[in-house]
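No hydrogens, no waters, no symmetry mates; every other heavy atom, side chains included, goes into these values. Order of the sequence lines sets the chain letters (A, B, ...), proteins ahead of strands, with each chain counted from 1.
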Number of protein chains: 2
Amino acid sequence: MNSQDVILGMLMKEALTGYQIKQLLENVFSNFYSSSYGTIYPTLSRIEKEGLITKESVLQDGKPNKNLLNITPKGRDCFNAYLLAPLEGDSIRKSDFMMRLYFGEFVGYDKVIIWLKQAQEESNTKLDQLLEQYSLYKDEMHPAQVICIQIGIEEYKAKLTTIAEGLVSLEQLVQEQS
Amino acid sequence: MNSQDVILGMLMKEALTGYQIKQLLENVFSNFYSSSYGTIYPTLSRIEKEGLITKESVLQDGKPNKNLLNITPKGRDCFNAYLLAPLEGDSIRKSDFMMRLYFGEFVGYDKVIIWLKQAQEESNTKLDQLLEQYSLYKDEMHPAQVICIQIGIEEYKAKLTTIAEGLVSLEQLVQEQS
DNA sequence: TATTTCATGTAACGGGTTACATGATTGG
DNA sequence: CCAATCATGTAACCCGTTACATGAAATA
């Protein structure tokens with residue numbers, strides 16, 4: 001799975017602009033993918049040359065012109081080939097938060113508590129976003145999409161529960177010290 | 001957080017070889033970090049030149065010589081500076097599995113079921129590893145480390161539960177079709 | 001005898017991010 | 001009037017992986 005696969009997948013249902021692709025990545029896909037303009041636009045140029053998409057210039061008044069990207073039959077073939085390829089090993093996660101927890105012995109409990117609370121806040125925000133997405137679109141989503149979003153929701157819930165329990169146990173340890 | 005921070009952190013408690021660092025990454029840290037020899041050895045060379053670690057050659061008979069890496073006071077300062085720096089935004093996850101679920105509408109239920117089962121197996125393996133780590137070392141681990149591993153465990157449990165439920169609902173849909 | 005484990009390293013390649021550059025409109 | 005939103009793109013850089021190279025001992 002790379003940027004090309006993801007972009008082609010997004011264009012399977014409707015034509016989009018590079019800007020909209022970035023929006024979708026941030027809103028809908030942020031739980032399992034991310035990409036920047038520095039990747040998106042060069043990728044779009046490349047796959048246009050390769051004949052996987054076509055650019056359609058749309059003039060707008062009041063707003064800058066935009067390039068609406070359409071997927072070609074060749075592009076559809078390419079995306080389907082990705083879906084037929086073997087499932088790639090699970091996600092690459094690099095979590096600074098988890099790393100710091102692991103090295104928690106080198107800082108005071110107070111610091112660990114701060115990290116936990118920060119992670120708690122962040123996860124809460126992410127969970128809320130997922131829950132909103134879920135309630136808004138669950139009726140029109142494909143069953144597989146529903147499972148995808150449910151996994152995200154349940155993972156965040158589990159993380160939050162465990163963080164909360166961890167906070168309780170740490171705060172108890174702090175009290176015992178004083 | 002980068003390879004340097006992680007390596008220095010590992011050396012805080014004991015001297016290790018590059019090979020052992022790789023082992024630790026695969027066994028203990030694999031849930032929130034990964035790195036290859038192509039990163040580890042060049043990083044070790046660089047931070048040795050920078051005076052953060054020292055190499056100590058240990059001759060072994062029957063086995064190749066090994067370079068035992070010791071962290072220097074400067075290296076310790078450097079690692080502590082990392083711990084004092086602001087917590088970096090949550091992990092970058094790129095999950096092919098989740099991406100495919102999201103695009104599930106473009107394949108049959110049977111394919112989605114295969115993907116779910118594959119992810120189930122993989123997560124089961126990972127969960128078992130974490131559970132084993134937990135039962136083996138939980139008594140000698142720092143409370144923060146315990147929380148770290150608990151988060152991993154609970155996330156995998158949540159994922160597995162949701163996948164299992166998803167499988168049930170999909171298999172029902174397949175039956176209704178036929 | 002063949003594979004795994006221990007052990008260290010390099011070179012080519014790929015993929016991606018950050019920061020920069022541009023510029024008009026809309027809303028607070 | 002200032003910030004945010006819409007909109008597209010480039011260039012330098014960084015970090016990392018893959019594959020290769022070497023080689024001995026233990027294990028199956």
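Backbone-only contact: B/Lys55 has heavy atoms under 4.0 Å from sugar-phosphate atoms and none from a base. The residue B/Gly18 sits close only to the backbone: its heavy atoms come under 4.0 Å of sugar-phosphate atoms, none of a base.
Taking only side-chain nitrogens and oxygens, B/Asn67 comes nearer than 4.0 Å to OP1 or OP2 of C/dG9. OP1 or OP2 of C/dG16 has not a single side-chain nitrogen or oxygen of A/Ser35 nearer than 4.0 Å.
Here the P atom of nucleotide C/dG15 and the NZ atom of A/Lys94 are 16 Å apart, to the nearest Å. The NZ atom of A/Lys49 sits 11 Å away from the P atom of D/dG9 (whole-angstrom rounding). Here D/dT8 presents its C1' atom at 14 Å from CD1 of A/Ile53, a figure rounded to the nearest Å. Atoms CG (B/Leu69) and P (C/dG9) sit 9 Å apart, rounded to a whole Å. The distance from atom OH of A/Tyr37 to atom P of C/dC20 is 17 Å, rounded to the nearest whole Å. When rounded to the nearest whole Å, the span between CD1 of A/Ile47 and P of C/dG15 equals 14 Å. If you measure from atom NZ of B/Lys66 to atom P of C/dA7, you get 5 Å, rounded to the nearest angstrom. Rounding to whole angstrom units, CG of residue B/Leu68 and P of C/dA7 are separated by 10 Å.
Classification of the A/Phe103-B/Phe79 ring pair by plane angle, with boundaries at 30° and 60°, yields perpendicular.
Nearest-nucleotide mapping onto DNA chain C: of B/Ser45 and B/Gln23, the residue sitting toward the 5' end is B/Gln23.
Comparing the axis of the opening five pairs of the helix from C/dT1-D/dA28 to C/dG28-D/dC1 with that of the closing five pairs yields an angle of 50°, rounded to 10°.
In this structure, of D/dT17, D/dG16, C/dT8, it is D/dT17 that holds the atom nearest to the side chain of B/Ser34. Distances were taken from every side-chain heavy atom of B/Tyr41 (C-beta onward) to each of D/dG16, D/dT10, C/dA7; the shortest belongs to C/dA7. For B/Tyr33, counting side-chain heavy atoms from C-beta on, the closest listed nucleotide (D/dT8, D/dG16, D/dT18) is D/dG16. Relative to the side chain of B/Tyr19, the nucleotides D/dT8, D/dT10, C/dC6 differ in distance, and C/dC6 lies closest.
Checking B/Tyr156 against B/Asn31 by side-chain atom types alone, a donor-acceptor pair falls below 3.5 Å.
The hydrophobic cluster containing B/Leu83 does not contain B/Met141, counting ILVMFWY residues as joined when their side-chain heavy atoms lie under 4.5 angstrom apart, directly or transitively. Connection of B/Leu52 to B/Met12 is established within a shared hydrophobic cluster, with ILVMFWY side chains joined at heavy-atom distances below 4.5 Å, either directly or through further cluster members.
For B/Glu155 and B/Lys159, the salt-bridge test fails: no basic side-chain N is under 4.0 Å from an acidic carboxylate O.
Remark: aromatic rings of A/His142 and B/Tyr109 are close, center separation under 6.0 Å. For A/Phe29 and A/Tyr33, the ring centers are positioned 6.0 Å apart or more.
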